[in-house]
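Take a look at the structure set out below.
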Amino acid sequence: MLVANRETITGVYVPTSAVATSVEFVDEMMNVTLADGRIIGVPIVWFATLRNATREELENFEISPAGIGIHWPDLDEDLSVAGLMAGVDLTAA
């Protein structure tokens, strides 16, 4: 019998959403940890506002209450977790 619900299919974990729990800046990368254990790493250079920010401005961020976005109040910058997962390199245009 196949048992399926929002979280499991035959006992295997299946993520149902991408929810950010933390953000860390390492060298030229932004690493966003998700509630299910995944880590999304994206180059800061992809985002002009972040690329030109000071370390203090970068580290002053807020994860939205639902975990679906990140906001930098000093920079007036918002990024969605879904957008980070899409991995679009805006410098390649």
Less than 3.5 Å apart, which donor and acceptor atoms pair up between the side chains of residues 18-29 and the rest of the protein, not counting sequence neighbours?
| unit_1 | atom_1 | unit_2 | atom_2 | d |
| --- | --- | --- | --- | --- |
| T21 | OG1 | T33 | O | 3.2 |
| S22 | OG | T33 | OG1 | 3.4 |

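Proximity of L34 to V81: side-chain heavy atoms (C-beta onward) are separated by under 4.5 Å at one or more points. L50 is listed as a side-chain neighbour of L58, based on a closest heavy-atom distance under 4.5 Å. Side chains of I63 and H71 form no contact here, defined as non-hydrogen atoms less than 4.5 Å apart.
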Problem set entry | Steps toward side-chain contact (heavy atoms from CB on, under 4.5 Å) verdict (F61, L75) | CA-CA 9 Å; F61 61 86; L75 304 170; over 6 Å; no
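No path of Ile, Leu, Val, Met, Phe, Trp and Tyr side chains, each step under 4.5 Å between heavy atoms, connects I68 with V32, placing them in separate hydrophobic clusters. Hydrophobic clustering, with ILVMFWY side chains joined whenever heavy atoms are under 4.5 angstrom apart, groups V45 together with I70.
The two residues E77 and L79 make their nearest non-hydrogen contact at OE2-CD2, 3.7 Å. The two residues N31 and G41 come nearest to each other via the heavy atoms OD1-CA, 3.4 Å. Between I40 and L84 the shortest heavy-atom distance is CG2-O, 3.9 Å.
Note that CZ of F47 is 5.0 Å distant from CE of M30, once rounded to the nearest 0.5 Å. To the nearest 0.5 Å, atoms OG1 (T49) and CG (D74) are separated by 12.5 Å.
A donor-acceptor pair is defined here as one N or O able to donate and one able to accept, closer than 3.5 Å; such a pair exists between the side chain of N52 and the backbone of A48.
Qualifying side chain to side chain donor-acceptor pair (under 3.5 Å) partners for E59, counting only residues two or more places apart in sequence or in other chains: R55.
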